[in-house]
Amino acid sequence: MTNILEVMQRRQSMRVPFNPKRQVPKESMRQILEAARWAPTAHNMQNFEVLVVEDKEVLEKIGKIKSRVSETFIRENYQQLSFSEEELLQKKVGILGSNFPPSWRDPAKLDIAVHESVARPLKERISGSPMLLIFIYDSRKRAPASEGDVLGFISLGCVMENMWLMAQTLGISVHILSVFSEESVQKEVKRILHVPKYMKVAFVVRLGYPITKPSKHLRVRRDIEMFTHYNKFGNIGEG
Ligand SMILES: Cc1cc2nc3c(=O)[nH]c(=O)nc-3n(C[C@H](O)[C@H](O)[C@H](O)COP(=O)(O)O)c2cc1C
C-alpha cells in the first residue's frame, strides 16, 4: 500500500512543459474526478463543477487569451521571496527569487518590472498541456452564515488537494494556474466555454506528463514546532 504521507511529500508543482501528444488516460481522469467527488465540503455542499478541457481547438482558443502580470502581484510577490538557498532554508516559507525575472526580485525596481510586464498569451503558461481542469463555483451561494464564504473556499481547497494527490499516485503532473482567476481572463474563458455569469473560476490545473525532468530545487516547509501552539497561543513546541 502506498504510504499517504509519502504521496503528500512527493506531490509538487510541476512548472515544466508537458507533452502535448500524451493524453491523460480516460480511466485516470475518472479516478482524479472520483477523488474530487469525495472531498469534504462544508455542509456537504459539493460546491463545485469541473470543466474538463481536452479538445485541441478549445485549448487553442483559451491559449490565445492574453494576460499581463499586475503591479499588485509583482509588489506583493516581493514579500514571498528569498534571495539565496540559505535564506530560504532559514525562513522555511516562500519561494526562491531566482524563479522570477531580475526586476521582480528588487522592490526598488517595481516601476521597471511593471513597465516590462506585457500581455502574453496563456498558451505560454499552458505550456503543451493536453488537458485543463477548470473548477468553478456558484457565486450566488455560500456556506450557511459563512462570512465571505470562507467555508466554501476551504471546501474548494479540499477538492484541489484530493484531486492533486490522486494525480500524484497515478504519475500525472499537476500545475495550478491562478492566472485564470483574473477578472479579464475569467471573462474570456467563460465566454469560450459557455459558463453562466454567476459561476466563478475557483482554480485551474493543467495536467499531463513533463517532456523533461524538472530541475531539482529546494523545497522547504516550517518545522511542526514552528506552527503548533499547545493550549495557548505562543506556547510552541511543548507537546
Ligand atoms: C491556491 C493555490 C494557488 C496557486 N497558484 C499557483 C500559480 O498560479 N502558479 C504556480 O506556479 N503555482 C501556484 N501554486 C502552487 C504553489 O506555489 C505551491 O504549492 C507552493 O509553492 C509549494 O510548492 P509545491 O506545490 O511544489 O510543494 C498555487 C497553490 C495553491 C494552493
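FYI, side chains are in, hydrogens and waters are out, and symmetry mates aren't considered; it's all heavy atoms of this structure. Note that ligands are numbered from 1 as they come in the structure, with each ligand's atoms numbered from 1 the same way.
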Contacts table for ligand 1: protein N or O within a distance under 3.5 Å of ligand N or O, distances only.
unit_1	atom_1	unit_2	atom_2	d
ligand 1	5 (N)	S178	OG	2.7
ligand 1	8 (O)	S178	N	2.8
ligand 1	8 (O)	S178	OG	3.2
ligand 1	9 (N)	I176	O	3.1
ligand 1	11 (O)	R15	NE	2.6
ligand 1	11 (O)	H175	NE2	2.8
ligand 1	12 (N)	R15	NH2	3.4
ligand 1	17 (O)	R15	NH2	2.9
ligand 1	25 (O)	R11	NH1	2.9
ligand 1	25 (O)	R11	NH2	3.4
ligand 1	25 (O)	S13	N	3.3
ligand 1	25 (O)	S13	OG	2.7
ligand 1	26 (O)	S13	N	2.9
ligand 1	27 (O)	R11	NH2	2.9
ligand 1	27 (O)	R219	NH2	2.5
ligand 1	27 (O)	R221	NH2	2.9

Is atom CD of E49 surrounded by more than 12 heavy atoms (other residues, nucleotides or ligands) closer than 6.0 Å?
no
Sequence neighbours left out, what passes salt bridge (Lys or Arg N to Asp or Glu O under 4.0 Å) with D223? Give chain and number order.
K92
Between E60 and K64, is there a salt bridge with N-O shorter than 4.0 Å?
no
Note: E188-R191 ion pair, threshold 4.0 Å (strictly below):
yes
Check ring pair (Phe, Tyr, Trp, His ring centres under 6.0 Å) between F153 and all other residues, then give those that pass, not counting sequence neighbours.
Y137
Ring pair (Phe, Tyr, Trp, His ring centres under 6.0 Å) contacts in which one or both residues fall within residues 170-210, not counting sequence neighbours
F135-F203
